[in-house]
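The structure appears right after this line, and notes come after that.
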Amino acid sequence: MEIKNIKHGRKDYKMQREVRTRYAPSPTGYMHIGNLRTALYEYLIAKSQNGKFILRIEDTDQERLVEGAVDIIYKTLKLCGLQHDEGPDIGGPYAPYVQSERKDTYLPYAKELIEKGHAYYCFCSKERLDALRKEAEEKGQTYMYDRHCLGLSKEEIEEKLKSGQPYVIRQKMPREGSTSFEDAVYGTITIENNMLEDQILIKSDGLPTYNFANVIDDHLMGITHVVRGSEYLSSTPKYNLLYDAFGWEIPVYVHLPLIVKPDGSKISKRKGDAGFHDLIEMGYLVKAIINYIALLGWSPESNQEIFSLEELVKEFNIKHISKSPSAFDMDKLRWFNAQYIRAMTPDEFYEHARPYLEKAITNKNIDLKKVSKLLQARTEVLTEIPSKVGFLNELTDYDLNIYVHKKMKTTLENSLESLKAAVPVLESIEDWNEETIHNKLLELVNQMGIKNGQLLWPIRTAITGWEVTPGGAVEIADLLGKEETLRRVHIGIERLEKALAGNC
RNA sequence: GGCCCCAUGGUCAAGCGGUUAAGACACAGCCCUUUCACGGCUGUAACAGGGGUUCGAGUCCCCUUGGGGUCACCA
């Protein structure tokens, strides 16, 4: 009862403490979409409680280091607006924030553990370990370190140390009982202690393993909420044993469900799955990506779907994080992207579309801004722009059958009539713009006593040569200009006449 | 294989013992309309299976099945 009260008091204290989360990537050069979401949630958890978001680089595995990877991390966080409050590039009260630069801080803690009886030196060679592993495998057993070095006497250890024999430091796990912990999303998790291996804390190169460094650094840096992927769920008891051995307060754990591919398998760089930067290159907007992944594994209380980062900060709540893995759905991302495109002002969209338009449209007479207006409601992903505007450059050969449209009630014959009738009307337009073209053409429709489509469909067909185009006859005629429009209409007339004559 | 976790339409998901089981994407149809889009409306579609508990179970418990994670001197 008393203990319970103490714990309770501690919890209250914790609630008053400043919330501190950390994003702790290892610099391997690829921004996995799941990692990004972890960073996002860490940011949201901190910011929604007026806390701090810290960036820490976990580079204790020097073999996996990738040049420039840290810059990718900075760049991505910045692009996404996930501005950290402390980190290697901006410093902070707990610097340094790169684990390789904190190399010397870990060993003393490991030694403290040895003194307390929670860890021990191990001099086993890689060969011996491999042989052990192989043997276990052949017997169909689960390999676990046999504690060979636990029995070493103090003298033996001294001697080996003195002779410079390479060593690691292992955590000594309890062999009986079980360890439970509370996860903010998964609830209580219990694992039998005999499932816990005497994991390595300090590697033979003197650097700590993740398993050790994360505990030391999280404590030293005052991290209150440890947020990470659910793959760490089963090793969390090991970390808690460490916290307990040191007498440190255990942080709040927030394990996140995985993001998987539509077929349920996990996303991997090796299989060529798209990372964050690939999505950007594919024409997706940063804000759309953030919005989408925020909703992959978390849901707001309302039915709102479109969220700015600021709104997410307001709405985010750990309680609504789900436990089951979610599939990354490109279609839905596309939809979000389209939503963001439509929400832009015409000028904003133009700025985004311009690079694509400039590359795709070689016809210098075309007003790109007008094209951009036509495209905004018809674009879901920026990269699809080029495929929609080719007809503006030049009129290519087209199948005359596209003049025939059932719903428009157009045929080769009446298309020819319409085009012929349109020529003098178009020629008579002095001030060539959408309004004048529109008015004149509709006037003609009235005169001819036909439906709009019967005149406009053939014109659009003649001046584009495409069955489907962004914009109708009027907009496109305006874009092409009077001369080019008439030139293309005449080509249409010629080709239709030829075809009809041939048929008779 | 041992251990851990998960399980509502094709996908993302709401739901906290009593609901006609939301909403979104995708799909289909209709409307708008000079094509295509946009927009609007409508529709198809789900509680994995079996046992309990309860007056009553998607909601709680157990089993089965399925999926995922984890078992490194990687994180």
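What you see below is based on every heavy atom in this structure, not just the backbone, and it leaves out hydrogens, waters and symmetry mates. These figures come from a predicted structure and were not determined experimentally. Each chain gets a letter, A, B and so on, in the order its sequence line appears, and its residues count up from 1.
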Quick test of your reading: applying salt bridge (Lys or Arg N to Asp or Glu O under 4.0 Å), list the pairs with at least one residue in residues 460-479 of chain A, sequence neighbours left out, ordered by first then second residue. A:K370-A:D478

Under 4.0 Å between any heavy atoms, over every strand shown, what does A:Y292 touch: base, sugar-phosphate, or nothing? Just pick one. nothing

On a whole-Å scale, what distance lies between the C1' atoms belonging to B:U44 and B:G10? 12 Å

Heavy atom of residues 443-455 of chain A under 4.0 Å from RNA chain B: which residues? A:N452, A:G453

Look at all strands and tell whether A:A327 reaches a base, only sugar-phosphate, or nothing, counting heavy atoms closer than 4.0 Å. sugar-phosphate

Considering Watson-Crick and G-U wobble pairs with both distances under 3.5 Å, what does B:C41 pair with? B:G29

Can you run down the side chain to side chain donor-acceptor pair (under 3.5 Å) pairs that involve residues 22-36 of chain A, sequence neighbours left out, and say none if there aren't any? A:R22-A:D218

Residues in salt bridge (Lys or Arg N to Asp or Glu O under 4.0 Å) with A:K420, at least two apart? A:E497

Set of salt bridge (Lys or Arg N to Asp or Glu O under 4.0 Å) partners for A:K139, sequence neighbours left out: A:E135

Boundaries of the RNA chain B segment in contact with chain A, non-hydrogen, under 4.0 Å: B:G1 to B:A75

At 4.0 Å (heavy atoms only), tell me whether A:R228 reaches a base, stays on the sugar-phosphate, or touches nothing. nothing

Expressed as a whole number of Å, how far does the P atom of B:U11 sit from that of B:G43? 22 Å

When we call it a touch if two heavy atoms are under 4.0 Å apart, what does A:R342 touch: a base, just sugar-phosphate, or nothing? sugar-phosphate

Interface residues of residues 369-388 of chain A with RNA chain B (non-hydrogen, below 4.0 angstrom): A:A377, A:R378

In the strands shown, is B:G56 matched to any nucleotide by a Watson-Crick or G-U wobble pair with both distances under 3.5 Å, and which? none

What's A:I189 touching, base or sugar-phosphate or nothing? Going by heavy atoms closer than 4.0 Å. sugar-phosphate

Result for 5'-nearest mapping on RNA chain B, choosing between A:V468 and A:P300, is A:P300

Could you tell me which residues satisfy salt bridge (Lys or Arg N to Asp or Glu O under 4.0 Å) with A:D183, sequence neighbours excluded, listed by chain and number? none

Is the terminal nitrogen or CZ of A:K160 (NZ for Lys, CZ for Arg) located under 6.0 angstrom from the six-membered ring centre of A:F123 and within 45° of that ring's axis? yes

Using a heavy-atom cut-off of under 4.0 Å over every strand shown, decide if A:N214 touches base, sugar-phosphate, or nothing. nothing

Where at least one partner belongs to residues 329-340 of chain A, residue pairs that pass salt bridge (Lys or Arg N to Asp or Glu O under 4.0 Å), sequence neighbours excluded: A:E305-A:K332, A:R334-A:E380, A:R334-A:E384

Touch check for A:T60, heavy atoms < 4.0 angstrom, all strands: base, sugar-phosphate only, or nothing? sugar-phosphate

Enumerate the residue pairs fulfilling salt bridge (Lys or Arg N to Asp or Glu O under 4.0 Å) with a member in residues 194-213 of chain A, sequence neighbours excluded, ordered by first and then second residue. A:R147-A:D198

Are any of the side-chain nitrogens in A:R64 or A:D59 under 4.0 Å away from the carboxylate oxygens of its partner? no

Would you mind telling me which residue lines up with the more 5' stretch of RNA chain B, A:S322 or A:D263, judged by nearest nucleotide? A:S322

Across all chains, not counting sequence neighbours, the salt bridge (Lys or Arg N to Asp or Glu O under 4.0 Å) partners of A:K261 are A:D273

Determine which pairs satisfy side chain to side chain donor-acceptor pair (under 3.5 Å) with at least one residue from residues 164-175 of chain A, sequence neighbours left out, and list them in order. A:Q171-A:Q199

Interatomic distance at P, B:U70 relative to B:A14, whole Å: 24 Å

